[in-house]
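Heads up, the thing below is written out as structure tokens.
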Amino acid sequence: MQIISEHRFYKEKSKSAKQVCDKCSTIIWGLIQTWYTCTGCYYRCHSKCLNLITKSCVRSKVSHQSEYELTICPEAGLDSQDYRCAECRAPISLRGVPSEARQCDYTGQYYCSNCHWNDLAVVPARVIHNWDFEPRKKLRQDILLMKPYFITCKEAMEARLLLQLQDRQHFVENDDMYSLQDLLDVSSGRLGASLTDIHTMFAKHIKLDCERCQAKGFVCELCKEGDILFPFDSHTSVCQDCAAVFHRDCYYDNSTSCPRCMRMSLRKQAQEPEDATWQQ
């Protein structure tokens with residue numbers, strides 16, 4: 001192994017593969033030439049080009065600064081770079097003399113043709129700006145409300161229902177984190193369809209298939225009518241203090257406090273004299 005510019009280069013053993021050297025942009029003939037690959041970013045080069053590399057390992061960069069740039073093409077101008085490539089510091093200009101300046105739409109910086117290869121990639125800032133995630137957010141909030149039912153349900157644990165989201169584990173931790181793949185799936189429609197199917201499966205287990213989960217439902221204490229209610233039902237409201245569930249219309253029409261909160265408060269007040277007597 002050789003470490004150069006934070007690359008971890010290993011000598012390749014394949015003799016039949018025909019690759020292109022990322023440094024000199026010429027073909028690597030595996031049968032007659034020795035070549036190396038970085039195990040982090042898969043940068044490939046001839047052995048003769050190793051000591052000429054100026055481009056640092058991308059994986060190492062990401063490990064030091066893993067947050068996305070969320071400003072669209074944050075350009076500062078070529079003069080702010082002293083008319084040099086942001087990567088290798090080679091002289092560049094917009095006129096192409098001595099080398100063409102190519103702008104990266106992600107960083108907004110300018111690079112030479114050796115460091116900027118005109119590759120195409122999805123830019124996170126352009127993906128997320130002005131997008132509306134409310135429908136997906138509601139589904140994700142519901143899934144978080146369903147999670148406590150599953151982690152205390154033997155049948156759900158045996159069926160490993162939460163593993164339906166094993167590719168998106170952050171969905172069972174919070175409702176406001178998105179990976180770039182999530183955003184791409186939103187654009188294609190896959191995320192909405194997938195969440196809807198999982199939401200339906202989870203709700204079916206809690207409300208229809210499992211008696212233990214059904215027993216954890218609520219009866220609206222304001223009207224005392226209707227079916228068993230769950231916090232993820234679309235027509236319900238949840239008390240922020242005690243987590244009791246009510247019909248939405250009943251909750252907003254009722255001008256008094258939450259019945260469960262009032263009952264808990266009265267119970268606490270009744271216990272205080274007893275505690276004082278016991279201390280005496």
Side-chain angles (χ1 to χ4, degrees), residues 6 39-42 57-74 104-108 119-210 212-213 216-217 229-243 245:
E6 298 191 29
T39 59
C41 65
Y42 302 105
C57 179
V58 175
R59 181 173 182 177
S60 179
K61 273 189 174 182
V62 171
S63 67
H64 298 325
Q65 184 179 3
S66 57
E67 295 182 355
Y68 285 124
E69 171 60 64
L70 299 182
T71 302
I72 296 178
C73 195
C104 172
D105 190 63
Y106 176 63
T107 65
D119 286 344
L120 300 178
V122 174
V123 178
R126 294 190 181 276
V127 172
I128 66 172
H129 276 278
N130 302 319
W131 275 32
D132 178 12
F133 292 102
E134 286 308 311
R136 270 76 58 181
K137 191 172 181 67
K138 177 64 170 69
L139 289 174
R140 291 187 60 176
Q141 289 172 341
D142 285 354
I143 288 172
L144 287 178
L145 292 171
M146 295 175 181
K147 178 182 176 181
Y149 289 85
F150 294 144
I151 61 179
T152 57
C153 173
K154 181 180 179 181
E155 288 79 3
M157 296 297 287
E158 290 177 349
R160 309 182 78 178
L161 288 180
L162 285 176
L163 286 184
Q164 295 294 324
L165 288 166
Q166 61 181 343
D167 294 332
R168 307 183 199 270
Q169 280 298 305
H170 49 288
F171 278 26
V172 296
E173 301 299 332
N174 59 71
D175 62 6
D176 55 9
M177 180 184 295
Y178 288 85
S179 69
L180 186 56
Q181 185 60 53
D182 294 335
L183 302 184
L184 296 175
D185 289 343
V186 168
S187 178
S188 67
R190 287 194 294 268
L191 182 61
S194 174
L195 281 183
T196 299
D197 291 343
I198 292 173
H199 184 281
T200 301
M201 180 192 305
F202 285 2
K204 181 175 180 292
H205 170 86
I206 294 171
K207 302 178 71 172
L208 298 176
D209 297 343
C210 180
R212 290 186 180 182
C213 291
K216 296 175 184 177
L229 305 178
F230 294 89
F232 50 84
D233 287 333
S234 60
H235 61 290
T236 62
S237 290
V238 180
C239 175
Q240 298 300 312
D241 295 322
C242 70
V245 181

Next item on the list: With side chain to side chain contact (heavy atoms under 4.5 Å, CB included) as the test, would you mind laying out the steps for L195 and I143 before giving the verdict?
Entry: CA-CA 9 Å; L195 281 183; I143 288 172; 3.9 Å; yes
Item checked: Steps toward side chain to side chain contact (heavy atoms under 4.5 Å, CB included) verdict (Q166, R160) -> CA-CA 10 Å; Q166 61 181 343; R160 309 182 78 178; over 6 Å; no
Next item on the list: Go through the steps for S179 and D182 under the test side chain to side chain donor-acceptor pair (under 3.5 Å), then give the verdict.
Entry: CA-CA 5 Å; S179 69; D182 294 335; 3.1 Å; yes
Item checked: Audit row: R190, Q181, side chain to side chain contact (heavy atoms under 4.5 Å, CB included) steps and yes/no -> CA-CA 11 Å; R190 287 194 294 268; Q181 185 60 53; 4.2 Å; yes
Next item on the list: Give the intermediate values and the outcome of side chain to side chain contact (heavy atoms under 4.5 Å, CB included) for residues H235 and L229.
Entry: CA-CA 9 Å; H235 61 290; L229 305 178; 3.7 Å; yes
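Of all the heavy atoms in R140 and N174, the pair that sits closest is NH2-O, 2.9 Å. Taking all atoms of both residues into account, the shortest heavy-atom contact from C73 to G108 is SG-CA, 4.0 Å. Nearest heavy atoms, T236 versus P231: OG1-O, 3.7 Å. Among all heavy-atom pairs drawn from D175 and Q141, the shortest one is OD2-CG, 2.9 Å. Taking all atoms of both residues into account, the shortest heavy-atom contact from F230 to K216 is CE2-C, 4.5 Å.
One finds a salt bridge joining R168 and D185 here, because a Lys/Arg side-chain nitrogen approaches an Asp/Glu carboxylate oxygen to under 4.0 Å.
Between F150 and H205, the gap from one ring centroid to the other is short of 6.0 Å.
The NZ atom of K147 sits 11.0 Å away from atom CZ of F202, with the distance rounded to the nearest 0.5 Å. Taken from CG in L191 to CZ in F171, the straight-line distance is 5.0 Å, to the nearest 0.5 Å. To the nearest 0.5 angstrom, I151 atom CD1 is 13.0 Å from L161 atom CG. Here the CD-OG distance, from Q164 to S194, works out to 9.0 Å after rounding to the nearest 0.5 Å. Rounded to the nearest 0.5 Å, atoms CG (L165) and CD1 (I198) are 4.0 Å apart. Atom-to-atom distance recorded for L162:CG and Q169:CD is 8.0 Å, nearest 0.5 angstrom.
Atom CE of M201 has more than 12 heavy atoms from other residues, nucleotides or ligands within 6.0 Å.
When L144, D142, L139 are each tested for a side chain to side chain contact (heavy atoms under 4.5 Å, CB included) with F232, only one passes: D142.
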